[in-house]
Amino acid sequence: MSWGTELWDQFDNLDKHTQWGIDFLEKYAKFVKERIEIEQNYAKQLRNLVKKYCPKRSPKDEEPRFTSCIAFFNILNELNDYAGQREVVAEEMGHRVYGELMRYSHDLKTERKMHLQEGRKAQQYLDMCWKQMDNSKKKFERECREAEKAQQSYERLDNDTNATKADVEKAKQQLNLRTHMADENKNEYAAQLQNFNGEQHKHYYVVIPQIYKQLQEMDERRTIKLSECYKGFADSERKVIPIISKCLEGMILAAKSVDEHRDSQLVIDCFKSGFEPPGDFPFEDYSQNIYRTISDGTISTPKQEGMRIDSKTTVGKAKGKLWLFGKKPKGPALEDFSHLPPEQRRKKLQQRIDELNRELQKETDQKDALIKMKDVYEKNPQMGDPSSLQPKLTETMSNMDRLRMEIHKNEAWLSEVEGKVAARSDRRHSSDINHLVTQGRESPEGSYTDDANQEVRSPPQQHAHPNEFDDEFEDDDPLPAIGHCKAIYPFDGHNEGTLAMKEGEVLYIIEEDKGDGWTRARRHNGEEGYVPTSYIDVTLEKNSKGAVTYI
């Protein structure tokens with residue numbers, strides 16, 4: 001099966017067929033290019049989708065790490081890797097298929113052009129041989145006719161009795177000349193015919209079969225190249241299937257990692273304030289006046305100061321003050337996190353201490369490395385100058401001292417928070433035992449006071465005079481001052497139940513810190529509220545319980 005023998009006379013059709021083959025190859029290359037663009041756009045859209053739904057936050061922001069959120073972020077990461085694999089597919093197709101097709105198409109056009117030119121040259125040479133043969137044939141034919149005419153003329157004169165001998169001789173010479181020329185043209189025609197037949201045989205049995213064989217091989221290589229590109233087109237995607245499968249498996253593992261119980265615990269860890277729930281309000285009996293007898297028309301006996309019920313702690317006064325952290329503080333975050341509830345403050349301080357310890361460990365490792373390097377330089381001066389390491393060593397030691405001070409300071413704050421939480425826990429257990437004592441001693445945060453002067457101990461009703469209860473609820477005297485304080489820092493007091501103050505302002509203390517970081521104070525104009533204990537310098541009266549001075 002050879003084009004040279006089977007298609008020896010189909011040069012024009014082979015020209016068209018080889019051109020169609022190159023056009024088809026370029027058509028497939030265009031198809032691959034469009035597929036590459038689809039893969040690239042798909043990968044780009046996937047990456048944009050991942051970017052759109054990825055959390056946009058700075059490294060300092062701490063978002064609750066719920067397992068459902070972590071799983072979604074892991075799925076986004078896997079999807080981003082999946083998009084990367086689509087880009088790999090596009091790149092592989094572009095390099096292995098499209099680029100190879102375009103290079104091969106260029107080479108194929110050059111080779112086809114060369115073979116066709118050789119075929120045309122062979123055909124032109126055969127045509128030239130045929131023309132030469134044809135010209136010699138026509139010349140031989142013409143000379144033969146002229147020789148026949150000369151023969152006829154000679155015979156006519158030779159038979160004519162009136163013709164002179166000279167005319168006959170002349171005709172005879174002309175006949176001999178024409179006959180000789182005819183013989184020469186006959187030999188030339190024979191030689192040209194023999195040459196043409198040889199060239200024609202060579203053309204159709206050697207030259208053209210060789211050219212057509214090269215065209216056939218070229219077309220078969222084109223077909224093989226298409227087959228390889230078809231396979232490479234599929235292999236480009238088959239190579240990434242294992243990685244894509246891992247991405248999908250990662251998404252499934254992320255889905256299985258969702259733990260509803262852990263998320264519920266994280267909600268507790270994120271929002272737990274550490275405050276105790278508010279205690280019970282005391283019963284306020286307004287029916288005492290009903291039981292007054294006619295004989296009790298006299299003025300009631302003076303009230304005892306220890307039996308006075310603070311009107312500030314009644315339902316009407318305490319409404320809206322039970323939860324101080326109902327709103328987020330508008331002011332800037334404080335260094336000791338005292339603006340946060342106790343539990344959240346403890347967590348933040350612990351996180352900061354852990355970070356400082358890690359930084360300290362890094363500085364310690366760096367110091368050890370510098371000391372070792374310095375020892376090496378001292379033993380081998382040619383390796384370096386030991387004094388050149390001193391500035392860096394000094395800086396490292398300074399950083400270590402600074403970090404130790406920061407750790408000590410934060411540990412002190414942490415101990416303060418943990419001590420207050422433990423004290424409040426003890427008070428809670430104590431209040432469970434002595435329930436009557438705890439009633440009426442709530443601060444707006446739901447904590448309990450330790451000040452015995454502010455406790456409300458209601459005597460049994462059978463020993464109390466009815467008029468005394470009536471007078472106690474009508475009395476709206478402010479709480480007595482148990483000390484004073486000076487504001488170290490300004491405080492905005494945006495939250496409900498707080499008291500704004502300026503730096504250096506002096507206030508009265510009417511209720512000391514119960515362990516929650518807040519102290520109740522009063523201005524000279526009678527305005528009351530809570531201020532952060534860490535913002536003030538407190539001085540309690542000597543006769544008040546727990547009289548201390550702390551900054």
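These numbers were taken from a predicted model, which means no experiment stands behind them. Worth knowing before you read on, the calculation uses all heavy atoms, side chains too, and leaves out hydrogens, waters and symmetry mates.
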Is there side-chain contact between Y530 and T519, with heavy atoms separated by less than 4.5 Å? no

Under 4.5 Å between any side-chain heavy atoms of I488 and Y535, yes or no? no

Could you check whether [X] pairs with [Y] (Lys NZ or Arg NE/NH1/NH2 to Asp/Glu carboxylate O, under 4.0 Å)?
X    : Y    : result
K409 : E406 : yes
R96  : D235 : yes
E26  : K109 : yes
K225 : E228 : yes
E78  : K246 : no
K44  : E39  : no
D219 : R222 : yes
E363 : R404 : no

A quick test of your reading: do over 12 heavy atoms of other residues, nucleotides or ligands sit less than 6.0 Å from [atom1] of [X]?
X    : atom1 : value
Y489 : OH    : no
H17  : NE2   : yes
R47  : CZ    : yes

Non-hydrogen atoms of S136 and Q192 that approach each other most closely: OG-CB, 3.3 Å

Salt bridge (Lys or Arg N to Asp or Glu O under 4.0 Å) test vs D134 passes for just one of K137, K138, K131, namely K138

Can you name the one residue among R120, K113, M114 that meets side-chain contact (heavy atoms from CB on, under 4.5 Å) with L116? R120

Cut-off 3.5 Å, side chains only: do T67 and D259 have a donor facing an acceptor? no

